[in-house]
Amino acid sequence: MRLRIDLSYDGSGFHGWATQPGLRTVQEELEKALDRVLRTTGTSLTVAGRTDTGVHARGQVAHVDLAPGDVLAAAGRSRGTPVEALARRLNGVLDADVRIRRVSEAPPGFDARFSAVWRRYAYRVADRLETVDPLTRDHVLAWPRPLDLDAMNAASRELLGEHDFAAFCRKRAGATTVRSLLDLHWERDEAGVAVATVRADAFCHNMVRSLVGCLIAVGEGRQEPAWAFEMLTARKRNSSVTVARAHGLTLEEVRYPPDADLAARATESRAMRTLTPPLGSPPG
């Protein structure tokens, strides 16, 4: 049986999601907890978004394939369904910086990574003295200069749509940097903190933090709004585009299609993406 696991974590004490030898990661902690509760070995998780060192998650999703008998045995005489019992037992052995929100039996065709239609991140910046809160210092970037959110939103609008985001990604061999950026805007929350909402069908490595670094340069007046689009169309990394610090970033939500469309979406996501040239463009 395939189980969907909805979880949250504070990334401050982790070297990201993915298992790395000798380092504490979310994946390793959760896989160890599953093996302990289920009395199994070698449990392997697939995740919706592999977060980097120091990045947080409020709405992360993973899946795991298990033998139904192992899940039933682990539940024992616990109240509720076996998957509800599994969620409680996992929270009982995990450290407090990782919490299981829900465990459910996944519908046919579900893949935590490939079935997702979009991921939504938030990046938080305290750019005014009165908004810098020492109690949130591990989740909000303290910035020493005020930011012009109108200029940042003007720049953000030009980045929406399907593009090659190579200028904002750390390139990986054999991987595409073509993405559809569905939403990118800035607003202030009730405390006055500047919050970027960033939503795309998928993200490549460092994409959100590079976009934020680029837009901060616009917001504090070092660059004009048009500069962000110039960086995008260059399709290559530029040292003037800095990568914002990890701790201001949180994965907030992962959205999936209706159950009947899960398998088709997974097939579509696995295909290598290239940009479709506009009508009338010359070949090559």
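None of these values were measured; they are calculated from a predicted model.
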Determine, stepwise, if the pair Thr40 / Leu34 fulfils side-chain contact (heavy atoms from CB on, under 4.5 Å). CA-CA 8 Å; Thr40 55; Leu34 282 162; 5.7 Å; no

Hydrophobic cluster membership, with links at side-chain heavy-atom distances under 4.5 Å among I/L/V/M/F/W/Y: are Val193 and Val132 in one? no

If you measure from OG1 on Thr51 to NE2 on His15, what distance do you get to the nearest 0.5 Å? 13.0 Å

Please identify each residue that fulfils ring-ring contact (aromatic ring centres under 6.0 Å, His included) with His139, with sequence neighbours left out. His56

Side chains of Arg24 and Asp97: does their closest heavy-atom pair fall under 4.5 Å? yes

Partners passing side-chain hydrogen bond (donor to acceptor under 3.5 Å, both in side chains) against Arg255 (at least two apart in sequence or in another chain): Glu253

Pairs involving residues 189-200, ordered by first then second residue, that meet side-chain hydrogen bond (donor to acceptor under 3.5 Å, both in side chains) (sequence neighbours left out): none

Non-neighbouring partners of Arg170 that pass salt bridge (Lys or Arg N to Asp or Glu O under 4.0 Å), sequence neighbours left out: none

What's the separation between atom CD in Gln223 and atom CG in Leu215, rounded to the nearest 0.5 Å? 11.5 Å

Mutual orientation of the aromatic rings belonging to Phe110 and His63 [parallel < 30°, tilted 30-60°, perpendicular > 60°]: perpendicular

Under the side-chain hydrogen bond (donor to acceptor under 3.5 Å, both in side chains) test, which residues partner Arg145, sequence neighbours left out? Glu220

Could you see if Ile216 belongs to whatever hydrophobic cluster contains Val218? Use Ile, Leu, Val, Met, Phe, Trp, Tyr and a side-chain cutoff under 4.5 Å. yes

Any chain of hydrophobic side-chain contacts (each under 4.5 Å) joining Leu7 to Leu249? no

Partner set under ring-ring contact (aromatic ring centres under 6.0 Å, His included) for Tyr9, not counting sequence neighbours: none

State which residues pass salt bridge (Lys or Arg N to Asp or Glu O under 4.0 Å) with Asp127; sequence neighbours excluded, sorted by chain then number. Arg188

Between the CG atom in Asp133 and the CG atom in Leu135, the distance rounded to the nearest 0.5 Å is 4.5 Å

Would you please test Val83 and Leu3 for side-chain contact (heavy atoms from CB on, under 4.5 Å) and show each step? CA-CA 8 Å; Val83 291; Leu3 298 183; 3.7 Å; yes

What one should report as the nearest heavy-atom pair of Ala18 and Thr25 is O-CG2, 3.0 Å

Is there a continuous path of hydrophobic side-chain contacts, each under 4.5 Å between heavy atoms, that joins Val103 to Val61? no

Tell me whether Arg235 contacts the main-chain N or O of Met231 through its side chain, where contact means a donor paired with an acceptor under 3.5 Å. no

Can you list every pair that meets salt bridge (Lys or Arg N to Asp or Glu O under 4.0 Å) and has a residue in residues 35-53, with sequence neighbours left out? Asp52-Arg209

For Val140 versus His247, what's the shortest heavy-atom pair and its separation? O-NE2, 3.3 Å

Between the side chain of Glu31 and the main-chain N/O of Leu45, is any donor-acceptor distance below 3.5 Å? yes

Mark yes when over 12 heavy atoms from residues, nucleotides or ligands other than Arg2 sit less than 6.0 Å from its CZ; otherwise mark no. yes

Quick one: side-chain hydrogen bond (donor to acceptor under 3.5 Å, both in side chains) partners of Arg270, sequence neighbours excluded? Asp111

How long is the straight-line distance from CE of Met207 back to CZ of Phe168, given to the nearest 0.5 Å? 8.5 Å

Does atom CD (Gln20) have a neighbourhood of more than 12 heavy atoms from anything else shown, all under 6.0 Å? yes

Consider only side-chain heavy atoms of I, L, V, M, F, W and Y, link residues closer than 4.5 Å, and tell whether Leu160 and Val212 are in one cluster. yes

To check you understand the geometry: which heavy-atom pair defines the closest contact between Thr131 and Ala191, and what is its length? CG2-O, 3.3 Å

Closest heavy-atom pair, Arg137 versus Pro134, reported as atoms and distance to 0.1 Å, is NH1-O, 2.6 Å

Going from CG on Asp201 to CZ on Arg265, what distance comes out if it is rounded to the nearest 0.5 angstrom? 6.0 Å

Residues which pass salt bridge (Lys or Arg N to Asp or Glu O under 4.0 Å) with Arg58, listed by chain and number, not counting sequence neighbours: Glu252

Approximate separation, where rounding is to 0.5 Å, of Arg179 CZ and Leu159 CG: 15.5 Å

Residues two or more places apart in sequence or in another chain: which of them pass ring-ring contact (aromatic ring centres under 6.0 Å, His included) with His163? Phe165

Show your working on side-chain contact (heavy atoms from CB on, under 4.5 Å) between Ile100 and Leu30 and close with a plain yes or no. CA-CA 9 Å; Ile100 304 302; Leu30 185 50; 3.8 Å; yes

With sequence neighbours excluded, tell me which residues meet side-chain hydrogen bond (donor to acceptor under 3.5 Å, both in side chains) with Thr242. none

Shortest non-hydrogen separation from Ala155 to Pro225 and the atoms involved: CB-O, 3.5 Å

Nearest heavy-atom approach of Arg113 to Arg119 is O-NH2, 2.7 Å

Any chance you could lay out the side-chain contact (heavy atoms from CB on, under 4.5 Å) test for Trp227 and Cys214, step after step, and finish with the verdict? CA-CA 9 Å; Trp227 176 74; Cys214 174; 3.5 Å; yes

